[in-house]
Amino acid sequence: MLSYVIRRILATIPVMLIVALFVFSLLYLAPGDPAAVIAGDQASVADIARIRASLGLDRPFLVRFGSWLWHVLHGDLGTSIFTNLPVTHMIAQSIQPTFSLMVLTLILSVVVGVPLGVIAAARQGSWIDRSVMLMAVFGFSTPVFVIGYLLAYLFGLELNWLPVQGFTPITQGFWPFLRSLILPSVALGMIYIALIARITRATMLEVLSQDYVRTARAKGVGERSILLLHALKNAAVPVVTVIGLGVGLLIGGAVVTETVFAIPGLGRLTTDAILRRDYPVIQGVVLLFSLTYVLVNLIVDLLYTVFDPRIRY
Amino acid sequence: MSTTYEAAPELPEVLAEPRKRGRIATFIRRHPTIVAGGGLLTIMILVALLAPWLGTVDPTAIKPWMRTRPPSAEHWFGTDMLGRDIYSRTIYGARVSLIVGFAVALLSSVAGTALGLVSGFVRWLDTPIMRVMDGLMAIPGILLAIALMALTQGSVTNVVAAITVTQIPQVARLIRGVVLSLREQPYVEAAIASGTRTPMIIWRHILPNTLAALSVQATYICAAAMITEAILSFIGAGTPPTIPSWGNIMAEGRSLWQVKPFIVFFPAAFLSVTVLAVNLLGDGLRDALDPRMAKRL
């Protein structure tokens with residue numbers, strides 16, 4: 001078991017290396033010459049060459065990649081071209097809203113998606129099943145910003161129940177904080193709920209057709225405990241896998257949701273960075289999100305053994 | 001000695017005459033989602049193709065004296081902040097969405113299939129290809145597309161290329177999986193044993209068997225690509241503002257949406273319906289072509 005955990009952790013290193021290589025190439029290939037920008041209008045070709053040498057821009061690709069990676073591993077993601085602030089500082093400033101939004105969405109999606117899937121499977125073919133599946137297709141097809149605008153219009157502008165835009169930090173009280181995140185997390189969670197409900201239903205149907213479920217029914221176990229104890233527990237592995245894979249969707253969706261609801265998080269940081277072509281910031285955010293994604297899926301892999309003791313490595 | 005054979009007597013009709021039903025009616029009954037999705041998608045394609053004849057005006061024509069007018073008889077969907085007709089922009093926007101969706105689905109299927117085949121047949125290339133694919137998959141798709149778009153100028157071609165890159169790894173993985181399981185099949189072993197050359201085996205025995213899974217995957221990729229294009233344009237990293245695309249119209253309406261929600265509403269509705277159509281088609285195809293996968297999902 002321990003050796004599996006170590007092997008699995010080591011296996012993420014090459015993946016992260018490839019991600020790092022890609023993210024570095026982004027800056028390497030980015031149009032524009034930083035040396036020429038620093039040198040200014042009056043600079044001669046020799047001046048630019050001197051600055052380029054002092055920045056290390058004349059060194060070969062792999063050498064530059066190595067030194068960049070060394071800095072990244074020491075927590076130095078470079079300096080923003082636009083604000084001149086360290087990228088790590090800018091990320092730290094905007095991580096709280098994004099992190100809160102993603103955690104809340106994750107909780108909401110699991111709390112809504114799993115029961116929907118279980119009910120649909122338990123009543124297979126009924127109108128409940130059909131409407132859950134229909135909702136899942138709609139949830140899948142409606143882009144996150146469309147749901148976002150609809151919700152904000154309905155509950156924010158028309159009914160005036162919840163704030164339309166903006167984010168309240170948790171330091172200003174838990175309730176205002178939660179209120180500011182309800183609409184964004186429902187909008188962001190829709191596609192995720194659809195995904196989780198669908199996979200839960202499918203695995204539950206498979207498990208419910210197994211022999212041991214029939215045995216449990218035959219010996220008179222109640223339907224509720226069959227569903228929750230016998231079936232759901234054994235359906236956990238695929239459901240947890242999808243939750244892990246869905247984090248990728250969640251990250252992409254967060255960028256858009258923050259734009260719709262004017263939340264000053266990492267998504268906004270990314271969109272602003274794109275409009276300003278602030279490559280170090282784009283690099284930093286992509287690297288951070290990819291690391292999160294890889295780590296979440298690592299945890300999911302390790303959780304398999306908890307949910308299914310038959311899995312031994 | 002000669003023997004004469006009598007013709008066998010006519011067998012009595014024991015089976016009841018099957019209920020006659022038109023082929024089309026049977027198809028609709030069996031695959032309602034394919035019909036619904038395909039029908040909606042056909043309408044959208046027609047709208048995109050016939051855009052100039054659907055009562056539209058020049059989608060880029062500016063009328064500064066007619067800014068942000070609500071929907072009326074003259075401007076069915078209203079006008080935007082430059083006085084451009086939103087109905088015309090939305091109708092022409094269907095072209096961008098559909099082109100991006102179909103192009104990405106086609107290109108990523110071709111590239112992913114090629115990589116998957118190489119990975120499945122050439123042992124020493126398998127590990128490096130799949131590691132690179134794992135690395136690409138570790139970057140959330142939209143972020144990868146955003147990062148690629150940051151490198152280039154906004155154009156439809158670049159948007160297609162950026163989204164294609166994010167979708168290739170999934171196709172490559174799918175095809176590699178199919179290849180690895182097919183290679184163990186007796187008929188493929190027999191083909192190898194009888195000296196059939198590898199390209200022929202791929203063409204005759206492997207590719208036809210990937211088509212079902214591939215076409216289902218391609219429809220989902222098409223839907224995902226349309227959403228991604230809209231997201232890219234919405235946050236300002238997609239098609240240039242001069243081209244009317246649904247994402248662009250919504251991006252332009254973003255700052256005004258609390259007072260003029262109709263600017264965002266119409267392109268949003270068109271986008272949702274089109275993506276829904278493609279997803280329905282994908283679900284239907286999956287049920288029809290790949291019963292095993294249908295059972296799983």
Side-chain angles (χ1 to χ4, degrees), chain A residues 12 14-23 26 29-31 137-138 140-146 149-150 152-153 156-157 164-165 198-199 201-203 205-206 238 247-253 255-256 259-260 267 270-271 273-275 277 279 282-283 285-286 289-294 297, chain B residues 33 37 131-153 166 220 223-224 226-228 230-232 234-237 246-247 250-251 253-254 257-259 261 264-265 267-269 271-280 282-283 294-297:
Chain A
T12 58
V15 173
M16 277 319 292
L17 263 180
I18 289 167
V19 173
L21 190 64
F22 174 82
V23 169
L26 179 70
L29 296 171
V137 180
F138 275 100
F140 241 72
S141 309
T142 323
V144 52
F145 45 92
V146 176
Y149 278 127
L150 275 178
Y153 187 77
L157 285 181
V164 181
Q165 284 189 326
R198 239 166 117 146
I199 200 80
R201 175 182 175 271
T203 23
L205 284 179
E206 207 174 303
V247 168
L249 282 177
L250 203 60
I251 291 170
V255 175
V256 186
T259 310
V260 171
T270 317
T271 21
I274 290 165
L275 296 178
R277 308 256 148 177
Y279 295 103
I282 302 178
Q283 250 185 348
V285 179
V286 172
F289 275 138
S290 307
L291 183 68
T292 316
Y293 187 42
V294 170
N297 281 294
Chain B
T33 45
R131 283 299 86 76
V132 172
M133 294 296 123
D134 285 348
L136 278 182
M137 276 172 110
I139 306 175
I142 292 175
L143 277 187
L144 181 56
I146 287 175
L148 289 171
M149 285 311 294
L151 281 183
T152 53
Q153 298 294 314
T166 67
Y220 291 138
M226 291 199 279
I227 291 190
T228 311
I231 287 176
L232 287 176
F234 181 70
I235 63 175
W246 292 335
M250 294 168 78
R254 201 167 72 202
W257 82 270
Q258 294 196 27
V259 275
V264 175
F265 173 78
L271 175 64
S272 308
V273 169
T274 313
V275 175
L276 179 69
V278 178
N279 273 336
L280 282 177
D283 281 3
K295 230 182 103 193
R296 265 194 285 133
L297 266 184

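In what follows, every chain begins at residue 1, and chains take the letters A, B, ... in the order their sequences are listed.
Note that the CG atom of B:Leu276 and the OG1 atom of A:Thr142 stand 7.5 Å from one another [nearest 0.5 Å]. The distance from atom CD1 of B:Ile139 to atom CD1 of A:Ile251, rounded to the nearest 0.5 Å, is 11.0 Å.
The side-chain heavy atoms of A:Phe140 and B:Asp283, taken from C-beta on, include no pair separated by under 4.5 Å. Looking at heavy atoms from C-beta onward, B:Leu143 lies in side-chain contact with A:Thr270 at the 4.5 angstrom threshold. Side-chain contact between B:Trp246 and A:Val146: absent, with no pair of heavy atoms (C-beta onward) separated by less than 4.5 Å. By the 4.5 Å heavy-atom criterion applied to side chains, B:Phe234 and A:Val260 are counted as neighbours. Between B:Leu144 and A:Phe22, some side-chain heavy-atom pair lies under the 4.5 Å cut-off.
Screening residues 133-146 of chain B for salt bridge (Lys or Arg N to Asp or Glu O under 4.0 Å) gives B:Arg131-B:Asp134, B:Asp134-B:Arg173 as the qualifying pairs, with residues at least two apart or on separate chains.
The two atoms that bring B:Tyr220 and A:Arg198 nearest to each other are OH-NH2, 4.1 Å, heavy atoms only. Contact between B:Ile227 and A:Ser141 at its shortest, heavy atoms only, is CD1-O, 4.1 Å. Of all heavy-atom pairs between B:Met137 and A:Tyr293, the closest is O-CE2, 3.2 Å. A pairwise comparison of heavy atoms in A:Gly248 and B:Pro140 identifies O-CB, 3.8 Å as the closest pair.
No more than 12 heavy atoms of other residues, nucleotides or ligands lie within 6.0 Å of CZ in B:Phe265, so this atom counts as exposed by the packing criterion.
Most heavy-atom pairs under 4.5 Å with chain B, from the set A:Ile282, A:Leu291, A:Thr259, A:Val144: that is A:Thr259. Note: A:Val137 leads A:Val137, A:Leu249, A:Leu150 in heavy-atom pairs under 4.5 Å with chain B.
Contacts of A:Val294 with chain B are made by side-chain atoms alone, with heavy-atom separations under 4.5 Å and no backbone atom involved. Both the backbone and the side chain of B:Ala138 have a heavy atom closer than 4.5 Å to some heavy atom of chain A. In this structure, chain A has no heavy atom under 4.5 Å from any part of B:Thr274. Proximity to chain B is absent for every atom of A:Ala273, based on heavy atoms less than 4.5 angstrom apart.
Under the 3.5 Å distance criterion, the side-chain polar atoms of A:Tyr279 are matched with a main-chain donor or acceptor of B:Ala150.
With sequence neighbours excluded, the residues that form a side-chain contact (heavy atoms from CB on, under 4.5 Å) with B:Ile142 are B:Ile146, B:Thr228, B:Ile231.
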